[in-house]
Amino acid sequence: MKEDFYKHQTQTTPHPLALEVSHAKGSYIYDTEGHAHLDFVAGVSACSLGHCHPRVSQAIKDQVDKYAHVMVYGEYIQEPAVSYTKLLASLLPKNLETTYLVNSGTEAIEGALKLARRATGRTEIFAANHAYHGNTMGSLSVMGYEERKSAFRPLIPDVRFIPFNDNAAIAAITEKTAGVILETIQGGAGFIEPKNNFLTKIRKRCTEVGALLILDEIQPGFGRTGKLFAFEHYNCIPDILVIGKGMAGGMPVGAFVASHKLMQTLQDAPKLGHITTFGGNPIIAAASLATLREITETQLIAETLEKEKLFRTLLQHKLIKEIRGRGLMLALILDHLEVANHLILTAAKEKLILFWLLFEPRAVRISPPLTISNQEITAGCEQIISILDQY
């Protein structure tokens, strides 16, 4: 199978980890030789309830026996999508009441950028240095890393960048600006949180000049930071909220959420202002609904902050310079990139799954399922310390 993998399936890096997966359950992925690998990554924050969570799996099975795809998005009334968007609206601020369901986070970013331009009649978009919002052309255009973009230029025009957490730079946002797009917590840059009321000040400036604030919660959303959405930590409510990853318990999904009034601008002049065939797929919507109910009807969100404390207590070592992030969105910042590479690759051999971040070479991702147990956290952290001790 490995030979076929390399020959017939496109790779995105020269050296993929190439773990041959048999099945997965809870906090573990099992290889084809029967070995259990403790998962501290959760599909890069996507498997919020672990692998094959019974509530999500049952919702998928129940729905697939009723109907799957029946019509392009937005034409037919399908109960899973309606129930999901209604529940989501009840958990969000009043201005975030209408959801456009799509297939991935990057597609949701595309829709949010289009909505900002369509609703304001302006073209200028501000993003942050070191930002990551996906890899389609619009999302790539608001990525803050030129070395990742240069091979694909020209990208969409009229995009400008400001440093994240630089309050002085906020003044560059003016009446010409359609929207400002920011990750609530910068992911690829190294799990960097907003400081000194940065998001509050961005929110105020956008309101003053009539620009729309887009917050990308694709990674920190759905309980990962100890709130349902990370913006709740920072006294900042966006005009457009972008979500994905942990939204459907590991199924492919994304969405952008705004006021009903804003969303209506995509209905006319032109009609079909944003369209998708498979967005709102009933099976994916059923998985999303089950995931959201499980996260909000249990103590998982509150437990996330307790689990963060456990990680921070156990992961103390001279080679760990800092632990960034919040909740179960954590990044170990190691002494240098060689230590990070050694830790991730050695852990993989020892059947503990860790991973890199996109743009911070010293970082090691820790984003396990929200359902991970204290015993599993302790076992994995002991492995990490042992590996660092042997470096």
Side-chain angles (χ1 to χ4, degrees), residues 13-19 27-29 31 35-45 47 129-132 144-145 147-148 163-165 183 185-195 219-220 224-226 230 303-370 372-391:
T13 67
H15 305 289
L17 293 174
L19 174 68
S27 300
Y28 293 90
I29 297 174
D31 63 31
H35 300 126
H37 299 249
L38 179 56
D39 188 358
F40 268 21
V41 175
V44 188
S45 302
C47 301
N129 293 344
H130 305 154
Y132 178 78
Y145 282 85
E147 61 269 30
R148 293 293 183 100
F164 195 74
N165 280 330
E183 297 160 274
I185 298 174
Q186 285 202 304
F191 290 6
I192 298 171
E193 292 189 73
K195 299 176 182 177
Q219 190 161 185
R224 184 153 292 279
T225 68
E303 291 170 1
T304 293
L305 296 176
E306 295 304 311
K307 291 171 182 177
E308 175 192 355
K309 292 177 184 176
L310 183 57
F311 271 112
R312 291 184 180 275
T313 298
L314 296 173
L315 291 176
Q316 297 186 33
H317 194 278
K318 63 182 179 181
L319 294 176
I320 299 175
K321 299 305 176 185
E322 183 183 359
I323 301 178
R324 293 183 188 159
R326 189 181 286 238
L328 292 179
M329 182 179 175
L330 301 174
L332 305 183
I333 307 300
L334 281 302
D335 191 49
H336 47 82
L337 66 90
E338 288 83 3
V339 181
N341 289 338
H342 172 78
L343 174 56
I344 293 167
L345 295 173
T346 304
K349 293 176 183 177
E350 296 184 5
K351 301 174 181 57
L352 171 65
I353 299 172
L354 303 170
F355 209 57
W356 296 269
L357 294 184
L358 281 173
F359 308 129
E360 173 49 83
R362 299 172 301 142
V364 173
R365 166 190 290 278
I366 294 181
S367 58
L370 306 188
I372 194 168
S373 71
N374 289 342
Q375 292 80 7
E376 290 164 342
I377 292 171
T378 299
C381 288
E382 287 175 352
Q383 281 186 267
I384 290 171
I385 296 301
S386 176
I387 292 167
L388 293 177
D389 280 343
Q390 297 168 29
Y391 180 76

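Note: hydrogens, waters and symmetry copies are ignored here, and every other heavy atom, side chains too, is used.
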Colleague: Strictly by ring-ring contact (aromatic ring centres under 6.0 Å, His included), give each pair with a member in residues 312-355 just once, sequence neighbours left out.
Modeller: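 Sorted result for residues 312-355: His342-Tyr391.
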Colleague: Check step by step if side-chain contact (heavy atoms from CB on, under 4.5 Å) holds for Arg365 and Val41.
Modeller: CA-CA 7 Å; Arg365 166 190 290 278; Val41 175; 3.7 Å; yes
Colleague: Show the nearest heavy-atom pair for residues Ala36 and Tyr28, with the distance to one decimal.
Modeller: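 Taking Ala36 first and Tyr28 second, the nearest heavy atoms are CB-CD2, 3.9 Å.
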Colleague: Indicate the atoms forming the closest heavy-atom contact of Pro368 with Ala42, along with that distance.
Modeller: C-CB, 3.7 Å
Colleague: Identify all side-chain donor-acceptor contacts of residues 380-388 below 3.5 Å with residues at least two apart in sequence or on another chain.
Modeller:
{"unit_1": "Gln383", "atom_1": "NE2", "unit_2": "Glu350", "atom_2": "O", "d": "3.1"}
{"unit_1": "Ser386", "atom_1": "OG", "unit_2": "Gln390", "atom_2": "NE2", "d": "3.0"}

Colleague: Nearest 0.5 Å, what's the CZ-NE2 distance between Phe359 and His130?
Modeller: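 Between atom CZ of Phe359 and atom NE2 of His130 there are 9.5 Å.
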Colleague: If I take atom CG from residue Leu17 and atom CH2 from residue Trp356, how far apart are they, to the nearest 0.5 angstrom?
Modeller: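 CH2 of Trp356 is found 5.0 Å from CG of Leu17.
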Colleague: Heavy atoms, side chains only, cut-off 4.5 Å: are Ile192 and Glu360 in contact?
Modeller: no
Colleague: Sub-3.5 Å donor-acceptor pair from the side chain of Glu183 to the main-chain atoms of Tyr132, do we have one?
Modeller: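 Confirmed, Glu183 side chain pairs with Tyr132 backbone.
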Colleague: Going by the rule side chain to side chain donor-acceptor pair (under 3.5 Å), which residues pair with Asp31 if we only count those two or more places apart in sequence or in a different chain?
Modeller: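 Asp31 satisfies side chain to side chain donor-acceptor pair (under 3.5 Å) with His35, His37 only.
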Colleague: Could you grab the distance from atom CG of Leu315 to atom CG of Leu310, nearest 0.5 Å is fine?
Modeller: 8.5 Å
Colleague: Find out whether Leu38 and Lys351 are in side-chain contact, i.e. whether some heavy atom of one side chain is under 4.5 Å from a heavy atom of the other.
Modeller: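 They are not in contact (no side-chain heavy atoms under 4.5 Å apart), so the answer is no.
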Colleague: Hey, what do you get for CG (Leu343) to CD1 (Ile320), rounding to the nearest 0.5 Å?
Modeller: 7.5 Å
Colleague: For Phe191, enumerate each residue passing the ring-ring contact (aromatic ring centres under 6.0 Å, His included) test, keeping only those at least two apart in sequence or located in another chain.
Modeller: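 Once residues adjacent in sequence are excluded, Phe191 has no partner under the ring-ring contact (aromatic ring centres under 6.0 Å, His included) criterion.
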Colleague: Enter the distance from Arg224:CZ to Leu370:CG here, rounded to the nearest 0.5 Å.
Modeller: 5.0 Å
Colleague: Taking only residues two or more places apart in sequence or in another chain, which ones pass salt bridge (charged side-chain N to carboxylate O under 4.0 Å, His left out) with Arg312?
Modeller: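 With sequence neighbours excluded, Arg312 shows a salt bridge (charged side-chain N to carboxylate O under 4.0 Å, His left out) to Glu308, given in chain and number order.
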Colleague: At what distance, to the nearest 0.5 angstrom, does CZ of Phe40 lie from CD1 of Ile344?
Modeller: 13.5 Å
Colleague: Cut-off 3.5 Å, no hydrogens considered: what does the side-chain donor-acceptor table look like for residues 321-335, sequence neighbours left out?
Modeller:
{"unit_1": "Lys321", "atom_1": "NZ", "unit_2": "Lys318", "atom_2": "O", "d": "3.1"}
{"unit_1": "Glu322", "atom_1": "OE1", "unit_2": "Arg324", "atom_2": "NE", "d": "3.4"}
{"unit_1": "Glu322", "atom_1": "OE2", "unit_2": "Arg324", "atom_2": "NE", "d": "3.4"}
{"unit_1": "Arg324", "atom_1": "NH1", "unit_2": "Gly190", "atom_2": "O", "d": "3.4"}
{"unit_1": "Arg326", "atom_1": "NE", "unit_2": "Glu193", "atom_2": "OE1", "d": "2.8"}
{"unit_1": "Arg326", "atom_1": "NH1", "unit_2": "His233", "atom_2": "ND1", "d": "3.0"}
{"unit_1": "Arg326", "atom_1": "NH2", "unit_2": "Glu193", "atom_2": "OE1", "d": "3.0"}

Colleague: Set out, in order, the CA-CA distance, both residues' side-chain angles and the distance that settles side-chain contact (heavy atoms from CB on, under 4.5 Å) for Thr346 and Leu352, then state yes or no.
Modeller: CA-CA 9 Å; Thr346 304; Leu352 171 65; over 6 Å; no
Colleague: At their closest point, which heavy atom of Ala340 faces which heavy atom of Ala363, and how far apart are they?
Modeller: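 Here Ala340 and Ala363 meet closest at CB-O, 4.2 Å.
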Colleague: Any donor-acceptor pair under 3.5 Å linking the side chain of Asp39 with the backbone of Ile29?
Modeller: no
Colleague: Could you tell me if the side chain of Leu354 sits less than 4.5 Å from the side chain of Ile366, heavy atoms only?
Modeller: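 Ile366 reaches Leu354 side chain to side chain.
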